[in-house]
Amino acid sequence: MSSSTNTPTHHTSTIGSIGTPSRRNTELALLVFAVLIPVFAYANVGLAIDEKVPSGLLSYGLGLGLIAGVGHLGVRKFAPYADPLLLPLATLLNGLGLVMIWRLDQSKLLQSLPNFAQAAPRQLLYTALGIGLFVAVLIFLKDHRVLQRYTYISMFGALVLLLLPLVPGLGANIYGAKIWISIPGLGTLQPGEFAKIILAVFFAGYLMVKRDALALASRRFMGLYLPRGRDLGPILVVWFVSILILVFETDLGTSLLFFGMFVIMLYVATERTSWIVFGLLMSAAGAVGVASFEPHIQTRVQAWLDPMREYKLSQAGTHDGILHSEQAMQALWAFGSGGTLGTGWGQGHSELIRFAANSDFILASFGEELGLAGIMAILVIYGLIVERGIRTALAARDPFGKLLAVGLSGGFALQVFVVAGGVMGLIPLTGMTMPFVAYGGSSVIANWALMGILMRISDTARRPAPAPAPSPDAEMTQVVRP
Amino acid sequence: MNKPLRRIALFCGLLVLALLIRDNYIQYVQADSLRTNASNRRVAIERYATPRGDIIVDGNPITGATKSTKSGINDFEYKRTYKDGPMWAPVTGYASQAFDASQLEKLDDGILTGNDDRLFFRNTLDMITGKKKQGGNVVTTLNAAAQKAAYQGLLSRGKGAVAAINPQTGAILALASTPSYDPSTFAGTSGSDEKAWNKLQKKNNPDEPMLNRALRETYPPGSTFKVVTAAAALENGLYKSADENTDSPLPYTLPTTSTELKNEGNIPCKNATMRVALKVSCNTVFGKIGADLGKDKMLAEAEKFGFNSEQLTPVRSNASVFPKTMDKPQTALSSIGQFETAATPLQMAMVASAVANNGTLMKPYMVDKLQAPSLDVISQTEPQKLSEPLSKSNAQILQSMMETVVNDPQGTGNKAQISGVTVGGKTGTAQHGVANSEKPYAWFISYAKLADGSSPVAVAVVVEDGSANRDDITGGGLAAPIARSVMKAVIDSKK
């Protein structure tokens, strides 16, 4: 599927003289749909709840349209050959998320909760900031290979970001997970979302340099290639840090995400299956080890195995030192009550999930109101984003770009899987957000930045190379006619 | 690096596939069980999202719905209301936003809320035409006048229950129980609803107002059970007529023991005919009949009348008890309604109705039909034969005996007489408690027969009157007047 298969064999480089068409008009057409669908959804919610078209429809539609338009113009100007699907898909998810967040804002039950504040306007602001960052990435990151220079700074930066929530006075413990930092006057920030991107940069830079050493300089042991200690060092450090996050921030999701992302990139860089085996063994060892003494994670596992029991414990107000949560069961009920076609926008009762209905559990809200059909569509959209990202990696001509693209898309895929699987009860629940749809500034802004980097790599990959200069040798080797 | 990349692409595809499969599992395979899980609040929200359909008696709704007072975050839109709640509670049960539902309200919840599968087509049509979903109605077989007579009669007596049946169809005409409760008082979710509910619970209220005594409480039936024993004697050919002298010594010593069975007072029971024995309620005569027939024949007859099985009306009644293992003296005691014999008021009404209906026992039911919101009939209950406890000729012999009980000046049941109507009955004064320490229950079962021979009503009344003077407690004195007024109400409403 990479461009190399289409290029004539006598070229030594894989750069073809005829590049992929830019497809910017395709992107624009898709964007129109990506804006119109949420606008219709918004009208639908208003009609279902108040039986009238919501008064904010115009401003809301204009807002989303403007955001999408700015994104599109930025791409047209600064990354004209970038993948045409990524921006519309992300815009659609973001728009649908906004509608659902607005819809949950209308719930009397949620309004009665302490600390209630309208979330949709803020989410719209975050989206605008996100698109701003997206365009800024396209403007200022002329070539993604520049990021290679910051390999070790990235590692340091990511570690600092990850450990910030542990700093006394800065970290905020919200519902049992210490993954936020509170910035006075600005609210809370989830540094893990940004660390995800920065870590991918570090991994890509490190692995690009070390991949040969990791792949080749190894001893064979029991059918597996064991790498040398000095090559393994940074890997063990990363593994250790992710365990550290798990223990001190009680954040199973983030540590799983980082570690999974790292294993994926390692595997791509070295092309050795043994890394996958190592990765799985190490993460399993870490997870089992931590789960054996961390009550927060034990509860999560129990809630996963028997959500009904957790629900009853939480209803009974059992105080055994652990915060029992009814959410897992409530989410399953929301999904079940939605059934195949869902109750329709605004006609479900996903507010019963309480405060997390528009953030960690927003997928359950979608499940109730849009049903199996809606969730499958959303999952397919996520799948498309991931596969377009991996396609970008395939198309990228430089190993750094390949690694970065696959790291970002693989991490994105893992995050979607961990969150959606947790909400649906496929795996234990972890406190992460569904990219683009869930309420949360850090998440939206960071994921738009991630899209920006992917678009940049994609643009570089698909950009037609300048036509090769005519070779002076060509004249000389002409067949001389008799 | 492209080969591992393709594998990663595949892996990510598998992750999404796993999510899709899981989603199909919970939203398709498990959806119904999750959606209808009793703890899922949506079930209750849905139940009260539209005004519930009504429970109807004699063409008038005895229930209603009001908009809930939206206090705070109450997400239930409509609240159930009841007209004459305490009187109808044993029929309707309750539907409470906070405390679930019971009896008809629970059993026919689907129809009342409009969620029943049988309303699916209509609901789909309504959805397309934009009409709001409505609940259907439950049309009962009850007779408002009879119910009122039963309830008022019981109120004046304290605790007790009445069950009245149309013997020809099995349709339940009255089902009253006191003390009762008003389901309106806890239909909502507010603090006062909770207080009202708590006050009605057994632990806070030893009188158990929420116990449906007509269906769910079994009492020792006392002498009213002698009707069953007499039927067994006739059916098994032990005595062929009402006026044949029985072989009954006085005093009668229970077989294999030295215990003498006693009669209440000095009544002529020695070798008395069954007619006389029923009229004055001889324990000795019917005790000996039971012992002579033996356990198996008595059990067979009792079970034909419906003992030892629950009745689904569709509200479930408790199974009445005729013991399955007992020796000869115990059989004698059981045959006069003592030992372990216990019956619900509904069961004893069934006994009277089988006799009145010339030996055929109809299955008791209280829902005549279920209606869609448009009043289309969704289901109609057809009267069903339950069993044939006695032949027509034997039934008529028994009828003449029971009519003697009411009509004869010495009969124990003459307070049930209604002018111009033939009434047959049987009294019972059931002793209970350790060594008869508690005040006895007063029973009366009876039926009314019109001039054309048809019988529109059979009734069973039990009064547990704690306030009455112990010696005054007799079935004839306390229970018969209530039975009379219930029968009279049914006959008057026929005119």
Side-chain angles (χ1 to χ4, degrees), chain A residues 1-2 4 108-109 111-113 211 264 267-273 308 311-312 315 329-330 332-340 342 348-349 351-352 367-368 371-372 375-376 379-380 382-383 386-387 389-391 393-394 399 402-403 406 409-410 412-414 416-417 420-421 424-426, chain B residues 1-50 68 70-77 98 115 120 123-124 127-128 130 132-133 189:
Chain A
M1 288 292 135
S2 77
S4 64
K108 297 264 183 304
L109 179 66
Q111 285 170 3
S112 75
L113 292 181
R211 65 196 192 108
I264 286 176
Y267 169 64
V268 171
T270 61
E271 307 194 21
R272 291 230 183 257
T273 324
M308 197 63 201
Y311 172 80
K312 285 187 175 141
Q315 290 305 97
M329 199 63 231
Q330 287 288 6
L332 283 180
W333 281 331
F335 278 113
S337 304
T340 315
H349 295 285
E351 69 271 11
L352 293 173
E368 179 165 6
L372 177 61
I375 292 287
M376 292 214 289
L379 289 176
V380 167
Y382 278 116
V386 170
E387 299 299 331
I390 296 176
R391 198 189 160 87
L394 277 167
K402 273 185 191 298
L403 282 173
V406 77
S409 0
F412 190 88
L414 282 176
V416 168
F417 177 76
M424 291 182 189
L426 184 62
Chain B
M1 289 202 286
N2 284 355
K3 201 169 147 200
L5 274 178
R6 286 175 213 285
R7 289 205 180 127
I8 295 296
L10 194 67
F11 169 71
C12 292
L14 287 177
L15 289 185
V16 174
L17 187 67
L19 291 177
L20 288 174
I21 291 171
R22 173 67 183 176
D23 193 26
N24 273 273
Y25 181 66
I26 56 175
Q27 293 209 271
Y28 185 78
V29 180
Q30 283 194 319
D32 273 338
S33 70
L34 286 169
R35 192 180 61 229
T36 55
N37 187 303
S39 306
N40 186 344
R41 190 175 170 87
R42 291 166 187 80
V43 175
I45 292 175
E46 183 76 358
R47 182 182 285 154
Y48 301 105
T50 49
S68 300
K70 289 250 173 186
S71 57
I73 52 160
N74 188 6
D75 42 12
F76 300 128
E77 282 231 32
N115 289 332
F120 177 77
N123 286 343
T124 313
M127 199 169 77
I128 293 166
K132 242 193 157 176
K133 194 176 70 188
T189 53

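Lettering of chains follows the sequences in order, A, B, ..., and the numbering in each one begins at 1.
- The CG atom of A:Leu394 lies 5.0 Å from the CG atom of B:Leu5; values are rounded to the nearest 0.5 Å.
- Of the atoms belonging to A:Phe412, not a single heavy atom falls under 4.5 Å from chain B.
- Between A:Val380 and B:Val16 there is no side-chain heavy-atom pair separated by less than 4.5 Å.
- In terms of heavy atoms, B:Ala9 sits closest to A:Glu387 at O-OE2, 2.9 Å.
- Looking at B:Asn40 and A:Met329, their side chains never come closer than 4.5 Å, going by heavy atoms from C-beta outward.
- Proximity to chain B involves both the backbone and the side chain of A:Val268, based on heavy atoms less than 4.5 angstrom apart.
- Taken from CZ in A:Phe417 to CZ in B:Phe11, the straight-line distance is 7.5 Å, to the nearest 0.5 Å.
- Within the 4.5 Å cutoff, side-chain heavy atoms of B:Ile8 are placed close to those of A:Ile390.
- For chain B, the nearby part of A:Leu352 is the side chain; its heavy atoms alone come within less than 4.5 Å.
- Within the structure, every pair that satisfies the ring pair (Phe, Tyr, Trp, His ring centres under 6.0 Å) test and touches residues 25-49 of chain B, not counting sequence neighbours, is listed here: B:Tyr48-B:Phe76.
- The list of salt bridge (Lys or Arg N to Asp or Glu O under 4.0 Å) pairs with a residue in residues 18-29 of chain B, not counting sequence neighbours, is empty.
- Between B:Ile45 atom CD1 and A:His349 atom NE2 the span is 4.5 Å, to the nearest 0.5 Å.
- Judged purely by atom type and a 3.5 angstrom limit, A:Glu271 has no side-chain atom pairing as donor or acceptor with the backbone of B:Pro4.
- No other option in A:Ser409, A:Gly342, A:Ala413, A:Gly371 has as many heavy-atom pairs under 4.5 Å with chain B as A:Gly371.
- Heavy atoms closer than 4.5 Å to chain A are found in both the backbone and the side chain of B:Ser39.
- Of the inter-residue distances, the one linking A:Leu332 atom CG with B:Ser33 atom OG reads 10.0 Å to the nearest 0.5 angstrom.
- With a 4.5 Å cut-off on non-hydrogen atoms, B:Ile26 touches chain A through its backbone and its side chain both.
- Annotation: side chain of A:Leu414 is in contact with side chain of B:Leu15 (closest heavy-atom distance under 4.5 Å).
- Ranked by heavy-atom pairs under 4.5 Å with chain B, the first of A:Gly338, A:Gly367, A:Gly410 is A:Gly367.
- Counting heavy-atom pairs closer than 4.5 Å to chain B, the top-ranked of the candidates A:Gly348, A:Ala420, A:Gly383, A:Gly425 is A:Gly425.
- In this structure, A:Gly421 and B:Leu19 approach most closely via the heavy-atom pair N-CD2, 3.4 Å.
- Using a 4.5 Å heavy-atom threshold, the side chains of A:Trp333 and B:Arg41 count as separate.
- Shown are B:Gln27, B:Gln30, B:Arg35; of these, the side chain to side chain contact (heavy atoms under 4.5 Å, CB included) with A:Phe335 is made only by B:Gln27.
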